[in-house]
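Order of the sequence lines fixes the chain letters, A, B, ..., with proteins taken first and strands second; residue numbering starts at 1 for each chain.
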There are 2 protein chains.
Amino acid sequence: MTAKLASATEGVVPRTFAVLETLTRSPEPMRLSALTLRLGLQKSTVHRILAGLIVLGYVQQNTETGCYSATLKLWELGANVITEHPIKRAASGFLQELQRVTGETVSLVIRAGDDVLYLDKMISPRPIRFTTRIGSRVPAPLTAGGKAILAHAADAQAVLARTAASLRDKRRLDVAAVTAELEQVRERGYAMASYQPGVVGFAAPIMTRESDAAAAISVSAPAERVDETGRAAIIEHLLSTCASMAEQVGRL
Amino acid sequence: MTAKLASATEGVVPRTFAVLETLTRSPEPMRLSALTLRLGLQKSTVHRILAGLIVLGYVQQNTETGCYSATLKLWELGANVITEHPIKRAASGFLQELQRVTGETVSLVIRAGDDVLYLDKMISPRPIRFTTRIGSRVPAPLTAGGKAILAHAADAQAVLARTAASLRDKRRLDVAAVTAELEQVRERGYAMASYQPGVVGFAAPIMTRESDAAAAISVSAPAERVDETGRAAIIEHLLSTCASMAEQVGRL
DNA sequence: AACGTCGTTCCGCCTGGCGGAACATAGATC
DNA sequence: GATCTATGTTCCGCCAGGCGGAACGACGTT
(Lines give C-alpha, C1' and ligand atoms only; values in the text may rest on other atoms or scores of the structure.)
Protein backbone atom coordinates (compact mmCIF):
# COMPACT_ATOMS: atom_id res chain seq x y z
CA MET A 1 0.00 0.00 0.00
CA THR A 2 3.11 2.19 -0.15
CA ALA A 3 2.23 3.79 3.17
CA LYS A 4 0.60 7.15 3.61
CA LEU A 5 3.80 9.17 3.27
CA ALA A 6 3.07 10.62 -0.15
CA SER A 7 3.80 14.18 0.93
CA ALA A 8 2.68 15.43 -2.45
CA THR A 9 3.82 13.22 -5.27
CA GLU A 10 1.03 10.75 -5.77
CA GLY A 11 -2.11 11.39 -7.71
CA VAL A 12 -2.74 13.22 -10.92
CA VAL A 13 -2.85 16.74 -9.60
CA PRO A 14 0.56 16.86 -7.93
CA ARG A 15 2.07 15.22 -10.98
CA THR A 16 0.34 17.63 -13.29
CA PHE A 17 1.88 20.55 -11.46
CA ALA A 18 5.24 18.80 -11.40
CA VAL A 19 5.01 18.61 -15.17
CA LEU A 20 4.13 22.28 -15.45
CA GLU A 21 6.90 23.28 -13.08
CA THR A 22 9.61 21.48 -14.98
CA LEU A 23 8.19 22.68 -18.27
CA THR A 24 8.22 26.31 -17.21
CA ARG A 25 11.65 26.06 -15.62
CA SER A 26 13.10 24.88 -18.87
CA PRO A 27 14.23 27.72 -21.14
CA GLU A 28 13.17 25.83 -24.24
CA PRO A 29 10.39 23.34 -25.02
CA MET A 30 10.99 19.84 -23.70
CA ARG A 31 10.76 16.40 -25.20
CA LEU A 32 8.55 13.80 -23.59
CA SER A 33 11.54 11.65 -22.71
CA ALA A 34 13.31 14.52 -21.01
CA LEU A 35 10.25 15.13 -18.89
CA THR A 36 9.83 11.49 -17.88
CA LEU A 37 13.51 11.30 -17.01
CA ARG A 38 13.46 14.36 -14.82
CA LEU A 39 10.17 13.52 -13.14
CA GLY A 40 10.90 9.84 -12.70
CA LEU A 41 7.52 8.88 -14.05
CA GLN A 42 6.24 6.47 -16.60
CA LYS A 43 6.17 7.56 -20.22
CA SER A 44 2.48 6.82 -20.54
CA THR A 45 1.72 8.75 -17.37
CA VAL A 46 3.46 11.89 -18.52
CA HIS A 47 1.95 11.57 -21.95
CA ARG A 48 -1.55 11.29 -20.55
CA ILE A 49 -1.03 14.31 -18.32
CA LEU A 50 0.31 16.36 -21.20
CA ALA A 51 -2.63 15.37 -23.38
CA GLY A 52 -4.97 16.62 -20.69
CA LEU A 53 -3.10 19.88 -20.35
CA ILE A 54 -3.23 20.41 -24.09
CA VAL A 55 -7.01 19.99 -24.07
CA LEU A 56 -7.18 22.55 -21.29
CA GLY A 57 -4.96 24.89 -23.28
CA TYR A 58 -2.17 25.18 -20.78
CA VAL A 59 0.36 23.28 -22.86
CA GLN A 60 1.10 23.22 -26.55
CA GLN A 61 3.03 20.78 -28.64
CA ASN A 62 5.24 21.82 -31.49
CA THR A 63 3.90 19.83 -34.41
CA GLU A 64 7.30 19.49 -36.02
CA THR A 65 9.62 18.68 -33.17
CA GLY A 66 6.99 17.17 -30.88
CA CYS A 67 8.34 19.24 -28.02
CA TYR A 68 6.02 20.47 -25.32
CA SER A 69 5.88 23.91 -23.77
CA ALA A 70 3.59 25.87 -21.48
CA THR A 71 1.28 28.41 -23.11
CA LEU A 72 0.45 31.98 -22.26
CA LYS A 73 -2.77 30.76 -20.71
CA LEU A 74 -0.72 29.60 -17.76
CA TRP A 75 0.81 33.04 -17.57
CA GLU A 76 -2.62 34.64 -17.62
CA LEU A 77 -3.67 32.47 -14.71
CA GLY A 78 -0.81 33.70 -12.59
CA ALA A 79 -0.92 37.29 -13.76
CA ASN A 80 -4.20 37.89 -11.98
CA VAL A 81 -2.65 36.89 -8.68
CA ILE A 82 -0.01 39.57 -8.79
CA THR A 83 -2.23 42.42 -9.87
CA GLU A 84 -4.20 41.91 -6.70
CA HIS A 85 -1.12 41.78 -4.51
CA PRO A 86 -1.32 44.66 -2.04
CA ILE A 87 2.39 45.37 -1.77
CA LYS A 88 2.94 45.35 -5.48
CA ARG A 89 0.00 47.67 -5.99
CA ALA A 90 1.17 50.05 -3.33
CA ALA A 91 4.75 50.06 -4.56
CA SER A 92 4.11 50.73 -8.23
CA GLY A 93 4.06 54.50 -8.02
CA PHE A 94 7.03 54.68 -5.68
CA LEU A 95 9.11 52.41 -7.88
CA GLN A 96 8.37 54.50 -10.89
CA GLU A 97 9.30 57.72 -9.17
CA LEU A 98 12.49 56.21 -7.77
CA GLN A 99 13.40 54.92 -11.19
CA ARG A 100 12.90 58.38 -12.62
CA VAL A 101 14.98 60.31 -10.09
CA THR A 102 17.86 57.82 -9.93
CA GLY A 103 17.82 56.82 -13.57
CA GLU A 104 18.79 53.31 -12.54
CA THR A 105 17.04 49.96 -12.44
CA VAL A 106 14.79 49.54 -9.42
CA SER A 107 13.15 46.37 -8.18
CA LEU A 108 10.64 45.28 -5.60
CA VAL A 109 11.30 42.05 -3.74
CA ILE A 110 9.58 40.14 -0.97
CA ARG A 111 10.78 37.27 1.10
CA ALA A 112 9.70 33.79 0.09
CA GLY A 113 11.14 31.22 2.46
CA ASP A 114 14.90 31.57 2.37
CA ASP A 115 14.76 33.26 -0.99
CA VAL A 116 13.90 36.64 -2.23
CA LEU A 117 11.24 36.88 -4.91
CA TYR A 118 11.32 39.59 -7.57
CA LEU A 119 7.83 41.04 -7.75
CA ASP A 120 8.44 43.98 -10.02
CA LYS A 121 11.21 45.76 -11.81
CA MET A 122 11.58 48.99 -13.70
CA ILE A 123 14.66 48.97 -15.80
CA SER A 124 17.03 51.79 -16.44
CA PRO A 125 16.93 53.49 -19.82
CA ARG A 126 20.70 53.30 -19.70
CA PRO A 127 22.21 49.98 -20.68
CA ILE A 128 22.81 47.45 -17.94
CA ARG A 129 23.52 43.76 -17.98
CA PHE A 130 21.00 42.92 -15.38
CA THR A 131 19.55 39.51 -15.71
CA THR A 132 17.37 38.89 -12.68
CA ARG A 133 13.85 38.53 -13.88
CA ILE A 134 10.45 39.19 -12.45
CA GLY A 135 9.12 36.02 -10.88
CA SER A 136 12.54 34.56 -10.20
CA ARG A 137 14.05 33.63 -6.86
CA VAL A 138 17.49 34.21 -5.45
CA PRO A 139 18.84 33.15 -2.04
CA ALA A 140 18.09 36.09 0.21
CA PRO A 141 21.53 36.57 1.82
CA LEU A 142 23.16 37.10 -1.57
CA THR A 143 21.19 40.15 -2.55
CA ALA A 144 20.85 43.65 -1.19
CA GLY A 145 17.09 43.31 -0.99
CA GLY A 146 17.37 40.04 0.89
CA LYS A 147 19.79 41.49 3.41
CA ALA A 148 17.55 44.48 3.96
CA ILE A 149 14.71 42.12 4.84
CA LEU A 150 16.77 39.68 6.88
CA ALA A 151 18.19 42.50 8.98
CA HIS A 152 14.75 42.81 10.52
CA ALA A 153 13.78 39.14 10.53
CA ALA A 154 13.76 37.11 13.73
CA ASP A 155 15.03 33.96 12.02
CA ALA A 156 17.83 35.59 10.04
CA GLN A 157 20.47 33.31 11.52
CA ALA A 158 18.57 30.20 10.53
CA VAL A 159 18.22 31.51 6.99
CA LEU A 160 21.93 32.18 6.77
CA ALA A 161 22.73 28.70 8.03
CA ARG A 162 20.38 26.96 5.62
CA THR A 163 21.51 29.06 2.69
CA ALA A 164 25.19 28.48 3.46
CA ALA A 165 24.54 24.75 3.59
CA SER A 166 22.67 24.62 0.31
CA LEU A 167 24.93 26.78 -1.82
CA ARG A 168 27.12 25.06 -4.34
CA ASP A 169 29.85 27.62 -4.18
CA LYS A 170 30.45 28.06 -0.46
CA ARG A 171 32.59 31.13 -1.02
CA ARG A 172 29.56 33.15 -1.96
CA LEU A 173 28.31 33.36 1.60
CA ASP A 174 30.39 34.12 4.68
CA VAL A 175 27.91 33.72 7.52
CA ALA A 176 29.96 35.66 10.07
CA ALA A 177 30.55 38.55 7.71
CA VAL A 178 26.91 38.80 6.70
CA THR A 179 25.79 38.60 10.33
CA ALA A 180 27.94 41.62 11.08
CA GLU A 181 26.65 43.30 7.96
CA LEU A 182 23.04 42.87 9.03
CA GLU A 183 23.85 44.83 12.17
CA GLN A 184 25.15 47.65 9.99
CA VAL A 185 22.04 47.48 7.85
CA ARG A 186 19.88 48.06 10.89
CA GLU A 187 21.99 51.07 11.86
CA ARG A 188 22.26 52.88 8.59
CA GLY A 189 18.96 51.70 7.11
CA TYR A 190 20.11 50.19 3.84
CA ALA A 191 21.94 47.14 2.53
CA MET A 192 24.48 46.68 -0.22
CA ALA A 193 25.42 43.69 -2.30
CA SER A 194 26.93 42.68 -5.56
CA TYR A 195 25.00 39.60 -6.50
CA GLN A 196 26.06 39.84 -10.09
CA PRO A 197 29.65 40.72 -10.93
CA GLY A 198 30.01 44.33 -11.94
CA VAL A 199 26.60 45.29 -10.64
CA VAL A 200 26.10 46.95 -7.28
CA GLY A 201 22.78 46.94 -5.52
CA PHE A 202 21.42 49.10 -2.74
CA ALA A 203 18.25 48.18 -0.91
CA ALA A 204 16.10 49.35 1.93
CA PRO A 205 13.25 47.56 3.67
CA ILE A 206 9.60 48.52 3.72
CA MET A 207 8.90 48.37 7.41
CA THR A 208 5.51 47.45 8.77
CA ARG A 209 4.34 48.46 12.20
CA GLU A 210 5.25 45.01 13.53
CA SER A 211 8.86 46.10 12.99
CA ASP A 212 9.66 43.42 10.48
CA ALA A 213 10.24 44.00 6.82
CA ALA A 214 7.42 43.11 4.48
CA ALA A 215 9.43 43.80 1.36
CA ALA A 216 12.39 45.71 0.05
CA ILE A 217 13.12 48.11 -2.75
CA SER A 218 16.47 47.93 -4.44
CA VAL A 219 18.40 50.05 -6.89
CA SER A 220 20.93 48.34 -9.15
CA ALA A 221 23.59 49.88 -11.34
CA PRO A 222 26.85 49.00 -13.04
CA ALA A 223 29.67 49.42 -10.53
CA GLU A 224 31.65 51.81 -12.70
CA ARG A 225 28.69 54.13 -13.10
CA VAL A 226 28.29 54.96 -9.40
CA ASP A 227 30.90 57.17 -7.81
CA GLU A 228 30.79 58.36 -4.21
CA THR A 229 28.37 61.23 -4.82
CA GLY A 230 26.11 59.15 -7.03
CA ARG A 231 26.00 56.53 -4.36
CA ALA A 232 24.96 59.06 -1.74
CA ALA A 233 22.23 60.38 -3.99
CA ILE A 234 20.85 56.93 -4.70
CA ILE A 235 20.77 56.04 -1.03
CA GLU A 236 19.06 59.25 -0.10
CA HIS A 237 16.33 58.75 -2.67
CA LEU A 238 16.00 55.11 -1.74
CA LEU A 239 15.55 55.77 1.95
CA SER A 240 13.03 58.52 1.49
CA THR A 241 11.04 56.41 -0.96
CA CYS A 242 10.88 53.48 1.42
CA ALA A 243 9.96 55.72 4.32
CA SER A 244 7.02 57.27 2.54
CA MET A 245 5.87 53.93 1.20
CA ALA A 246 6.01 52.37 4.67
CA GLU A 247 3.85 55.21 5.86
CA GLN A 248 1.26 54.41 3.22
CA VAL A 249 1.42 50.65 3.70
CA GLY A 250 1.07 51.06 7.42
CA ARG A 251 -2.31 52.62 6.81
CA LEU A 252 -3.68 49.63 5.00
CA MET B 1 -21.52 6.16 -18.42
CA THR B 2 -22.52 9.74 -19.25
CA ALA B 3 -21.16 9.43 -22.76
CA LYS B 4 -17.69 10.41 -23.90
CA LEU B 5 -18.51 14.05 -24.48
CA ALA B 6 -16.71 15.43 -21.43
CA SER B 7 -14.91 18.08 -23.44
CA ALA B 8 -12.91 19.09 -20.41
CA THR B 9 -14.95 19.13 -17.25
CA GLU B 10 -14.61 15.66 -15.83
CA GLY B 11 -11.73 14.43 -13.78
CA VAL B 12 -9.65 16.05 -11.10
CA VAL B 13 -7.29 18.00 -13.29
CA PRO B 14 -9.82 20.02 -15.29
CA ARG B 15 -11.70 20.74 -12.10
CA THR B 16 -8.54 21.77 -10.33
CA PHE B 17 -7.83 24.33 -13.01
CA ALA B 18 -11.43 25.47 -12.96
CA VAL B 19 -11.00 26.16 -9.27
CA LEU B 20 -7.81 28.10 -9.88
CA GLU B 21 -9.35 30.07 -12.70
CA THR B 22 -12.31 31.21 -10.68
CA LEU B 23 -10.11 31.90 -7.70
CA THR B 24 -7.74 34.10 -9.67
CA ARG B 25 -10.54 35.89 -11.50
CA SER B 26 -12.02 36.94 -8.21
CA PRO B 27 -10.63 40.22 -6.90
CA GLU B 28 -10.83 39.01 -3.32
CA PRO B 29 -10.47 35.62 -1.61
CA MET B 30 -13.48 33.34 -2.02
CA ARG B 31 -15.48 31.23 0.37
CA LEU B 32 -15.88 27.55 -0.27
CA SER B 33 -19.60 27.93 -0.83
CA ALA B 34 -19.09 30.66 -3.40
CA LEU B 35 -16.72 28.40 -5.31
CA THR B 36 -19.06 25.41 -5.27
CA LEU B 37 -21.89 27.61 -6.42
CA ARG B 38 -20.00 29.08 -9.33
CA LEU B 39 -18.43 25.80 -10.38
CA GLY B 40 -21.56 23.71 -9.92
CA LEU B 41 -19.64 21.06 -8.04
CA GLN B 42 -20.13 19.19 -4.81
CA LYS B 43 -18.89 20.83 -1.63
CA SER B 44 -16.73 17.87 -0.77
CA THR B 45 -15.21 17.81 -4.23
CA VAL B 46 -14.15 21.43 -4.14
CA HIS B 47 -12.91 21.06 -0.61
CA ARG B 48 -10.75 18.09 -1.51
CA ILE B 49 -9.30 19.91 -4.49
CA LEU B 50 -8.52 22.96 -2.40
CA ALA B 51 -6.87 20.82 0.26
CA GLY B 52 -4.62 19.35 -2.41
CA LEU B 53 -3.75 22.75 -3.78
CA ILE B 54 -2.87 23.99 -0.32
CA VAL B 55 -0.47 21.09 0.17
CA LEU B 56 1.11 21.98 -3.15
CA GLY B 57 1.38 25.60 -2.09
CA TYR B 58 -0.72 27.08 -4.86
CA VAL B 59 -3.59 28.09 -2.63
CA GLN B 60 -3.75 29.52 0.85
CA GLN B 61 -6.58 29.76 3.29
CA ASN B 62 -7.11 32.72 5.52
CA THR B 63 -7.20 31.21 8.99
CA GLU B 64 -9.69 33.75 10.26
CA THR B 65 -12.21 34.06 7.49
CA GLY B 66 -11.64 30.63 5.97
CA CYS B 67 -11.49 32.23 2.55
CA TYR B 68 -9.30 30.73 -0.14
CA SER B 69 -6.98 32.55 -2.51
CA ALA B 70 -4.26 31.71 -4.96
CA THR B 71 -0.68 32.25 -3.84
CA LEU B 72 2.29 33.86 -5.50
CA LYS B 73 3.59 30.38 -6.32
CA LEU B 74 0.99 30.26 -9.06
CA TRP B 75 2.26 33.57 -10.33
CA GLU B 76 5.82 32.30 -10.32
CA LEU B 77 4.74 29.35 -12.41
CA GLY B 78 3.33 31.58 -15.09
CA ALA B 79 6.01 34.23 -14.88
CA ASN B 80 8.57 31.90 -16.39
CA VAL B 81 6.42 31.43 -19.45
CA ILE B 82 6.41 35.08 -20.38
CA THR B 83 10.10 35.72 -19.83
CA GLU B 84 10.81 33.18 -22.53
CA HIS B 85 8.27 34.63 -24.92
CA PRO B 86 10.11 35.76 -28.05
CA ILE B 87 7.93 38.75 -28.89
CA LYS B 88 7.95 40.10 -25.38
CA ARG B 89 11.72 39.74 -25.20
CA ALA B 90 12.23 41.43 -28.51
CA ALA B 91 9.83 44.24 -27.70
CA SER B 92 11.19 45.20 -24.31
CA GLY B 93 13.82 47.63 -25.51
CA PHE B 94 11.56 49.21 -28.11
CA LEU B 95 8.77 49.71 -25.61
CA GLN B 96 11.10 51.38 -23.20
CA GLU B 97 12.47 53.72 -25.82
CA LEU B 98 9.00 54.58 -27.10
CA GLN B 99 7.85 55.24 -23.57
CA ARG B 100 10.78 57.57 -23.08
CA VAL B 101 10.35 59.65 -26.22
CA THR B 102 6.57 59.95 -26.02
CA GLY B 103 6.31 60.21 -22.26
CA GLU B 104 3.05 58.29 -22.42
CA THR B 105 1.96 54.81 -21.44
CA VAL B 106 2.92 52.18 -24.00
CA SER B 107 1.74 48.58 -24.17
CA LEU B 108 2.46 45.43 -26.08
CA VAL B 109 -0.47 43.26 -27.08
CA ILE B 110 -0.91 40.08 -29.04
CA ARG B 111 -4.00 38.47 -30.41
CA ALA B 112 -5.53 35.64 -28.40
CA GLY B 113 -8.61 34.31 -30.11
CA ASP B 114 -11.02 37.19 -30.52
CA ASP B 115 -9.36 39.10 -27.75
CA VAL B 116 -6.25 41.08 -27.37
CA LEU B 117 -3.90 40.08 -24.57
CA TYR B 118 -1.77 42.63 -22.74
CA LEU B 119 1.75 41.21 -22.59
CA ASP B 120 3.62 44.18 -21.28
CA LYS B 121 3.11 47.76 -20.32
CA MET B 122 5.31 50.68 -19.40
CA ILE B 123 3.34 53.36 -17.70
CA SER B 124 3.70 57.06 -18.10
CA PRO B 125 5.33 59.00 -15.32
CA ARG B 126 2.51 61.47 -15.77
CA PRO B 127 -0.74 60.56 -14.08
CA ILE B 128 -3.24 58.59 -16.13
CA ARG B 129 -6.30 56.64 -15.17
CA PHE B 130 -5.42 53.63 -17.20
CA THR B 131 -6.74 50.44 -15.80
CA THR B 132 -5.96 47.71 -18.30
CA ARG B 133 -3.57 45.33 -16.68
CA ILE B 134 -0.87 43.04 -17.87
CA GLY B 135 -2.30 39.58 -18.41
CA SER B 136 -5.82 40.81 -19.02
CA ARG B 137 -7.92 40.37 -22.13
CA VAL B 138 -10.13 42.80 -24.01
CA PRO B 139 -12.22 42.16 -27.13
CA ALA B 140 -9.89 43.00 -30.00
CA PRO B 141 -12.19 45.30 -32.02
CA LEU B 142 -12.59 47.67 -29.08
CA THR B 143 -8.94 48.59 -28.75
CA ALA B 144 -6.43 50.33 -30.94
CA GLY B 145 -4.02 47.42 -30.66
CA GLY B 146 -6.71 44.96 -31.62
CA LYS B 147 -7.72 46.95 -34.68
CA ALA B 148 -4.10 47.24 -35.76
CA ILE B 149 -3.83 43.44 -35.68
CA LEU B 150 -7.24 42.73 -37.21
CA ALA B 151 -6.52 45.05 -40.12
CA HIS B 152 -4.04 42.45 -41.32
CA ALA B 153 -5.91 39.32 -40.24
CA ALA B 154 -7.69 37.13 -42.76
CA ASP B 155 -10.57 36.36 -40.41
CA ALA B 156 -11.19 39.92 -39.25
CA GLN B 157 -14.84 39.86 -40.34
CA ALA B 158 -15.53 36.71 -38.37
CA VAL B 159 -13.95 38.25 -35.29
CA LEU B 160 -16.10 41.36 -35.65
CA ALA B 161 -19.23 39.27 -36.02
CA ARG B 162 -18.49 37.10 -33.00
CA THR B 163 -17.51 40.04 -30.86
CA ALA B 164 -20.60 42.03 -31.82
CA ALA B 165 -22.74 39.05 -30.89
CA SER B 166 -21.13 38.51 -27.52
CA LEU B 167 -20.97 42.08 -26.26
CA ARG B 168 -23.42 43.11 -23.61
CA ASP B 169 -23.60 46.69 -24.73
CA LYS B 170 -24.17 46.44 -28.47
CA ARG B 171 -23.49 50.12 -28.99
CA ARG B 172 -19.83 49.59 -28.31
CA LEU B 173 -19.20 47.95 -31.66
CA ASP B 174 -20.48 49.11 -35.02
CA VAL B 175 -19.35 46.38 -37.40
CA ALA B 176 -19.74 48.43 -40.57
CA ALA B 177 -17.88 51.38 -39.13
CA VAL B 178 -15.01 49.28 -37.87
CA THR B 179 -14.77 47.42 -41.16
CA ALA B 180 -14.27 50.73 -42.93
CA GLU B 181 -11.85 51.77 -40.25
CA LEU B 182 -9.70 48.68 -40.78
CA GLU B 183 -9.27 49.74 -44.39
CA GLN B 184 -7.97 53.11 -43.19
CA VAL B 185 -5.65 51.37 -40.75
CA ARG B 186 -4.06 49.46 -43.61
CA GLU B 187 -3.55 52.67 -45.55
CA ARG B 188 -2.10 54.93 -42.92
CA GLY B 189 -0.42 52.22 -40.83
CA TYR B 190 -1.94 52.87 -37.44
CA ALA B 191 -5.19 52.46 -35.57
CA MET B 192 -7.01 54.63 -33.08
CA ALA B 193 -9.51 53.85 -30.38
CA SER B 194 -10.91 55.07 -27.14
CA TYR B 195 -11.58 51.90 -25.22
CA GLN B 196 -11.75 53.74 -21.95
CA PRO B 197 -13.59 57.04 -21.74
CA GLY B 198 -11.22 59.97 -21.78
CA VAL B 199 -8.28 57.89 -22.94
CA VAL B 200 -7.16 57.78 -26.54
CA GLY B 201 -5.01 54.99 -27.88
CA PHE B 202 -2.86 54.77 -30.98
CA ALA B 203 -1.47 51.46 -32.15
CA ALA B 204 0.55 50.00 -34.96
CA PRO B 205 1.11 46.35 -35.85
CA ILE B 206 4.37 44.44 -35.77
CA MET B 207 4.34 42.88 -39.20
CA THR B 208 5.95 39.54 -39.89
CA ARG B 209 7.09 38.48 -43.33
CA GLU B 210 3.87 36.47 -43.77
CA SER B 211 2.16 39.87 -43.92
CA ASP B 212 0.04 39.29 -40.89
CA ALA B 213 0.42 41.06 -37.61
CA ALA B 214 2.07 39.11 -34.83
CA ALA B 215 1.48 41.79 -32.24
CA ALA B 216 0.86 45.48 -31.80
CA ILE B 217 2.33 48.31 -29.83
CA SER B 218 0.04 50.97 -28.51
CA VAL B 219 0.42 54.37 -26.92
CA SER B 220 -2.30 55.59 -24.58
CA ALA B 221 -2.87 59.03 -23.17
CA PRO B 222 -5.61 61.15 -21.64
CA ALA B 223 -7.57 62.75 -24.44
CA GLU B 224 -7.08 66.29 -23.19
CA ARG B 225 -3.31 65.88 -23.13
CA VAL B 226 -2.87 65.21 -26.84
CA ASP B 227 -3.35 68.11 -29.23
CA GLU B 228 -2.86 67.89 -32.99
CA THR B 229 0.92 68.25 -32.94
CA GLY B 230 1.34 65.86 -30.01
CA ARG B 231 -0.73 63.37 -31.88
CA ALA B 232 1.47 63.63 -34.96
CA ALA B 233 4.59 63.17 -32.85
CA ILE B 234 3.23 60.10 -31.11
CA ILE B 235 2.24 58.50 -34.38
CA GLU B 236 5.60 59.20 -35.94
CA HIS B 237 7.47 57.61 -33.04
CA LEU B 238 5.06 54.73 -32.94
CA LEU B 239 5.41 53.89 -36.62
CA SER B 240 9.17 54.07 -36.64
CA THR B 241 9.39 51.93 -33.52
CA CYS B 242 7.18 49.24 -35.03
CA ALA B 243 9.07 49.32 -38.28
CA SER B 244 12.43 48.75 -36.67
CA MET B 245 11.07 46.10 -34.40
CA ALA B 246 9.50 44.26 -37.31
CA GLU B 247 12.87 44.31 -38.98
CA GLN B 248 14.45 42.66 -35.97
CA VAL B 249 11.67 40.14 -35.44
CA GLY B 250 11.80 39.17 -39.06
CA ARG B 251 15.33 38.01 -38.53
CA LEU B 252 14.47 35.57 -35.80
C1' DA C 1 -33.50 26.87 21.89
C1' DA C 2 -34.30 26.00 17.28
C1' DC C 3 -32.91 27.19 12.81
C1' DG C 4 -29.97 28.15 8.80
C1' DT C 5 -25.45 28.41 6.84
C1' DC C 6 -21.07 27.18 6.26
C1' DG C 7 -16.83 24.26 6.47
C1' DT C 8 -15.11 19.77 7.33
C1' DT C 9 -14.98 14.73 7.67
C1' DC C 10 -16.47 10.13 6.66
C1' DC C 11 -17.36 6.19 3.68
C1' DG C 12 -18.98 2.84 0.16
C1' DC C 13 -19.26 2.81 -4.88
C1' DC C 14 -16.97 2.68 -9.03
C1' DT C 15 -14.71 5.62 -12.35
C1' DG C 16 -10.73 6.98 -14.20
C1' DG C 17 -5.79 7.03 -13.38
C1' DC C 18 -1.97 3.68 -13.37
C1' DG C 19 2.04 1.52 -15.61
C1' DG C 20 3.64 -2.43 -18.20
C1' DA C 21 3.82 -3.71 -22.79
C1' DA C 22 2.94 -3.51 -27.54
C1' DC C 23 3.00 -0.64 -31.57
C1' DA C 24 4.73 3.10 -34.54
C1' DT C 25 8.09 6.17 -36.40
C1' DA C 26 12.43 8.17 -37.29
C1' DG C 27 17.51 8.45 -37.31
C1' DA C 28 21.76 6.38 -36.79
C1' DT C 29 25.17 2.73 -37.69
C1' DC C 30 27.12 -0.78 -40.18
C1' DG D 1 18.90 -1.57 -47.33
C1' DA D 2 18.69 -4.08 -42.94
C1' DT D 3 19.24 -3.75 -38.18
C1' DC D 4 19.30 -1.31 -34.03
C1' DT D 5 18.21 2.23 -30.72
C1' DA D 6 15.62 5.96 -28.95
C1' DT D 7 11.67 8.16 -29.06
C1' DG D 8 6.43 9.14 -29.14
C1' DT D 9 1.86 7.05 -29.03
C1' DT D 10 -1.79 3.71 -28.05
C1' DC D 11 -3.86 -0.12 -25.65
C1' DC D 12 -5.70 -2.59 -21.70
C1' DG D 13 -6.49 -5.05 -17.22
C1' DC D 14 -6.05 -3.83 -12.39
C1' DC D 15 -7.17 -1.35 -8.55
C1' DA D 16 -5.97 3.00 -6.10
C1' DG D 17 -8.00 7.09 -5.51
C1' DG D 18 -11.49 10.32 -6.80
C1' DC D 19 -16.54 10.81 -6.38
C1' DG D 20 -20.64 12.75 -4.05
C1' DG D 21 -24.24 11.89 -0.68
C1' DA D 22 -24.74 12.36 4.06
C1' DA D 23 -23.49 13.16 8.69
C1' DC D 24 -21.03 16.11 11.84
C1' DG D 25 -19.43 20.35 14.13
C1' DA D 26 -19.04 25.23 14.63
C1' DC D 27 -20.97 29.78 14.35
C1' DG D 28 -24.51 33.49 13.88
C1' DT D 29 -29.26 34.92 13.56
C1' DT D 30 -34.07 35.47 14.70
Describe the nucleic acid contact of B:Ser44 in one word from base, sugar-phosphate, nothing, applying a heavy-atom distance below 4.0 Å.
base
Without decimals, in angstroms, what is the distance between A:Leu32 CG and C:dT25 C1'?
14 Å
Measure from CD1 on B:Ile49 to C1' on C:dT8 and round the result to the nearest Å.
15 Å
Distance below 4.0 Å between A:Gln42 side-chain N/O and D:dG8 OP1 or OP2
no
Integer-rounded Å distance: C:dT8 C1' and B:Leu41 CG
17 Å
OP1 or OP2 of C:dC18 versus the side-chain N and O atoms of A:Arg15: is any pair under 4.0 Å?
yes
Taking only N and O in the side chain of A:Thr45, is any of them less than 4.0 Å away from OP1 or OP2 of C:dG19?
yes
With respect to the side chain of B:Tyr68, which nucleotide from D:dG18, C:dG17, C:dT8 is positioned closest?
C:dT8
Can you measure B:Ile54 atom CD1 to C:dG7 atom C1' for me and round it to whole angstrom units?
12 Å
Calculate the interatomic distance between A:His47 atom NE2 and C:dA21 atom P; express it in whole Å.
19 Å
Assign each of A:Ser33 and B:Lys43 to its nearest nucleotide of DNA chain D by heavy atoms, then name whichever residue's nucleotide is nearer the 5' end.
A:Ser33
Is atom CZ of B:Arg38 surrounded by more than 12 heavy atoms (other residues, nucleotides or ligands) closer than 6.0 Å?
no
So if I take every side-chain heavy atom of B:Arg31 and compare against D:dG8, C:dC6, D:dG21, which nucleotide ends up nearest?
C:dC6
